[in-house]
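Notes to accompany the following structure.
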Amino acid sequence: MSGRSDGPSPVEQARRDKLEALRSGGVTPFAYRFVRTHTAAEAVAVSRDGADAPEVALAGRVVGLRSHGKATFAHLADASGRIQLYFRSDHLGHAAYALVPLLDLGDHLGVRGRLFRTRTGEVTVRVGGFELLAKALRPLPLGKSAPRPDGTVAHYSELADPEVRYRQRYADLAVHPERRAVFERRAAITRAIRRFLDDRGFLEVETPILQPQYGGASARPFVTRYHALDADFYLRIADELYLKRLIVGGLERVYEIGKDFRNEGMDRLHNPEFTMLECYQAYADYTDIMELCEALVRRVVREVTGGDVVLARGRPVDLGPPWRRVGYVELLAERSGMDVGRSDRAALAAALRERGLEADASQSRGRLIDQLFGLTVEPHLEGPTLVLDYPIELSPLAKPKRGAPALAERFELYIGGYELANAFSELNDPDDQRARFAAQAALGAAGDDRAQAMDEDYVRALEYGMPPTGGLGLGVDRLTMLVTGERSIRDVVLFPALRPE
RNA sequence: GACCCGGUAGCUCAGCUGGUAGAGCAGCGGACUUUUAAUCCGCAGGUCGUGGGUUCGAUGCCCACCCGGGUCACCA
């Protein structure tokens, strides 16, 4: 990677030489503002042939340069697209044209001129005047592209190294308009989520990220030091417990879209900080949330893509109704042959070892079951599937299932082989909650570092009375992957976590 | 964390069984007033990820480390 050495590279030196030449020619190479009349796309749209072709003022980055002696063609790109520029010595005047060779790919330029069409029909600005707005002292990896005979477009010398793309996202975005489009879509997704929930009477709230005690999920936290209080604080792993406190407080429908932080590994599906939607609805149970979840996902996908079909792992997945609803235990029996209701820890560990996993019977039953599920079931959940009724020991914040107390009223949404959402009928019996926390604390004492801890204040809140409530957590990054067809979470997070350079 | 693959010019890549590196694009100089991967002529550009080792000689082989990607394991 460049940029760590002391001096400028020869290419950079050439640009600095031009910078000095411009300065000594009286040009200010870093301007203060430029008033434009059109974007590139607007200019192309309004262009007409003939004498009344409109005069435009455009600003953008130089992304192509073709010098022909006393004439030069260039392409200027802004957020809307690109447009061709035509500099002519006799049209611009000798003095102004003399500055054209001092331009480089990547420079920001403001241009004024009348639109015309070239012989090949491309809308082009006949530049009557231009201003350098910002000199690019470092060469951008601007690739080239050309149409192939089969109609597709061939790209040459594109920025391809994923490390550089993530570390220097500014360069990636500057050079790849299609990368910018992914993040525009991401914003459209969160807008659509907000619109959907606002329409249903949900209140958007913000709860602490910096917490004296973490909870609401089974995960290891990041720990930080709060000097004023001389105490360790945690970056939240979930919004859950705070949002349900608000339900106790009488905010009947609340949601939050925010960052959670989990001190776990990173891969295609996991970034240590990620964006989660959580919403809670009083007087609802998990069947209401199933309806809400389906409607939410389908509406977001439809608003952003215009259809019901998304790409998961490169394959199309139809999100049209109905979505499959199937029991967790049933699925596990179907795929693994194990009846988890009857299997003890030794049998579960043996089943895991059969499948090549290191497992031993000292792990908690819940954890063994969950591993077996992850191994045998998850990868097969291609189409949208609501997996229902999890073992209760995996779900310390969910109500027992009516008529089947070994299970919890909980579902997870799977699409494309990965988990997208998690929901339950929220446990609102404070004594039961206290007992569940105590059981978790015992697992923690036995060495499970993801076990949840007793939260006395949360139990106190429940003691004031929480109405029956349905809650949902949905991974916004993963939803974005689905909607954009991206295969890695790093391609939908602007600045994914990386090792320090 | 384990395993596999990779790191060579600004970018994309080549480099045979070890003989101190090549191409295209970008850059620089020249020609060119409707080109569009512009073209043509010429030039320059590299601690071959880092540090050791083997060897007369290492980009290539061996070891360690750094960084990334993929797969698996755990988590959303």
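Protein chains get the first letters and strands the later ones, always in sequence-line order, with residue 1 at the start of each.
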> Of A:Met266 and A:Pro141, whose nearest nucleotide on RNA chain B comes first from the 5' end?
Replying inline: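 Looking at the nearest nucleotide for each, A:Pro141 comes out on the 5' side.
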
> In terms of the nearest nucleotide of RNA chain B, which residue is placed more toward the 5' end: A:Pro10 or A:Ala497?
Replying inline: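 Closer to the 5' end of RNA chain B: A:Pro10.
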
For [X], which contact category applies under a 4.0 Å heavy-atom criterion: base, sugar-phosphate, or nothing?
{"X": "A:Tyr166", "value": "sugar-phosphate"}
{"X": "A:Glu158", "value": "sugar-phosphate"}
{"X": "A:Asp90", "value": "base"}
{"X": "A:Asp267", "value": "base"}
{"X": "A:Ser67", "value": "base"}
{"X": "A:Asn271", "value": "base"}
{"X": "A:Leu140", "value": "nothing"}
{"X": "A:Gly69", "value": "base"}
{"X": "A:Arg148", "value": "nothing"}
{"X": "A:Ser145", "value": "sugar-phosphate"}
{"X": "A:Arg268", "value": "sugar-phosphate"}
{"X": "A:His91", "value": "nothing"}

>> Should A:Tyr156 be counted as stacked on B:A37, where stacking needs a ring-centre gap under 5.5 Å and an angle between planes under 30 degrees?
In response: yes

Suppose you measure atom [atom1] in [N] against the same atom in [M]; what distance do you get, rounded to whole Å?
{"N": "B:G46", "M": "B:C4", "atom1": "C1'", "result": "29 Å"}
{"N": "B:G24", "M": "B:C5", "atom1": "C1'", "result": "25 Å"}
{"N": "B:C74", "M": "B:U12", "atom1": "P", "result": "35 Å"}
{"N": "B:A58", "M": "B:U54", "atom1": "P", "result": "11 Å"}
{"N": "B:C41", "M": "B:G52", "atom1": "P", "result": "45 Å"}
{"N": "B:G18", "M": "B:G60", "atom1": "C1'", "result": "6 Å"}
{"N": "B:U35", "M": "B:C48", "atom1": "C1'", "result": "38 Å"}
{"N": "B:A23", "M": "B:U17", "atom1": "P", "result": "22 Å"}

Nucleotide nearest [X] when distance is taken to its side chain, options [options]:
{"X": "A:Ser488", "options": "B:U34, B:U35, B:G70", "value": "B:G70"}
{"X": "A:Gln84", "options": "B:U35, B:G68, B:A37", "value": "B:U35"}
{"X": "A:Gln371", "options": "B:U33, B:C74, B:C28", "value": "B:C74"}
{"X": "A:Leu375", "options": "B:A73, B:C67, B:U12", "value": "B:A73"}

>> One pair to check against salt bridge (Lys or Arg N to Asp or Glu O under 4.0 Å): A:Lys70 and A:Asp90. What are the steps and the verdict?
In response: CA-CA 8 Å; A:Lys70 294 197 170 57; A:Asp90 53 6; over 6 Å; no

Does [X] contact [N] through a side-chain donor or acceptor facing the base, at a distance under 3.5 Å?
{"X": "A:Asn263", "N": "B:C74", "value": "no"}
{"X": "A:Thr118", "N": "B:U35", "value": "yes"}
{"X": "A:His68", "N": "B:A38", "value": "yes"}
{"X": "A:Ser157", "N": "B:G24", "value": "yes"}

Within this structure, what is the [atom1]-to-[atom2] distance between [X] and [N], rounded to whole angstrom?
{"X": "A:Gln168", "N": "B:G10", "atom1": "CD", "atom2": "P", "result": "13 Å"}
{"X": "A:Arg66", "N": "B:A37", "atom1": "CZ", "atom2": "P", "result": "8 Å"}
{"X": "A:Leu269", "N": "B:C72", "atom1": "CG", "atom2": "C1'", "result": "13 Å"}
{"X": "A:Lys70", "N": "B:U34", "atom1": "NZ", "atom2": "C1'", "result": "16 Å"}
{"X": "A:Arg138", "N": "B:C11", "atom1": "CZ", "atom2": "P", "result": "10 Å"}
{"X": "A:Asp104", "N": "B:G27", "atom1": "CG", "atom2": "P", "result": "7 Å"}
{"X": "A:Asp161", "N": "B:G7", "atom1": "CG", "atom2": "P", "result": "11 Å"}
{"X": "A:Arg165", "N": "B:G6", "atom1": "CZ", "atom2": "P", "result": "20 Å"}

Strictly below 4.0 Å, N to O, side chains only: are [X] and [Y] in salt-bridge contact?
{"X": "A:Arg15", "Y": "A:Glu12", "result": "no"}
{"X": "A:Arg186", "Y": "A:Glu486", "result": "no"}
{"X": "A:Arg335", "Y": "A:Glu378", "result": "no"}

> Under 30°, 30 to 60°, or over 60°: which ring-plane class applies to A:Phe222 and A:Phe261, parallel, tilted or perpendicular?
Replying inline: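 A:Phe222 vs A:Phe261 ring planes: perpendicular.
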
> Should the ring pair A:Tyr286 and A:Phe411 be called parallel, tilted or perpendicular, given that the plane angle runs from 0 to 90° and is split at 30 and 60?
Replying inline: tilted

> Do any N or O atoms from the side chain of A:Arg112 and from the backbone of A:Gly128 form a donor-acceptor pair under 3.5 angstrom?
Replying inline: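 Not a single qualifying donor-acceptor pair exists.
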
>> Could you check whether any side-chain heavy atom of A:Met290 comes within less than 4.5 Å of a side-chain heavy atom of A:Leu388, counting everything from C-beta outward?
In response: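 Of all side-chain heavy-atom pairs linking A:Leu388 with A:Met290, at least one is under 4.5 Å.
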
> Where does RNA chain B pair, written as one dot-bracket string 5' to 3', with Watson-Crick or G-U pairs under 3.5 Å, ( ) inside the strand, [ ] for crossing pairs and | for another strand?
Replying inline: (((((((..((((.....[..)))).(((((.......))))).....(((((..]....))))))))))))....

[N] phosphate, OP1 or OP2, under 4.0 Å from [X] side-chain N/O:
{"X": "A:Arg499", "N": "B:C67", "result": "yes"}
{"X": "A:Arg167", "N": "B:G68", "result": "yes"}
{"X": "A:Arg119", "N": "B:U35", "result": "yes"}
{"X": "A:Lys144", "N": "B:C11", "result": "no"}

> Do A:Arg410 and A:Tyr390 meet the cation-pi criteria used here (NZ or CZ under 6.0 Å from the six-membered ring centre, within 45° of the axis)?
Replying inline: yes

> CG/A:Leu331 to CZ/A:Phe373 distance, rounded to the nearest 0.5 angstrom?
Replying inline: 5.5 Å

> What's the spacing between A:Asp477 CG and A:Glu273 CD if we round to 0.5 Å?
Replying inline: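 So the CG of A:Asp477 and the CD of A:Glu273 are separated by 9.5 Å.
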
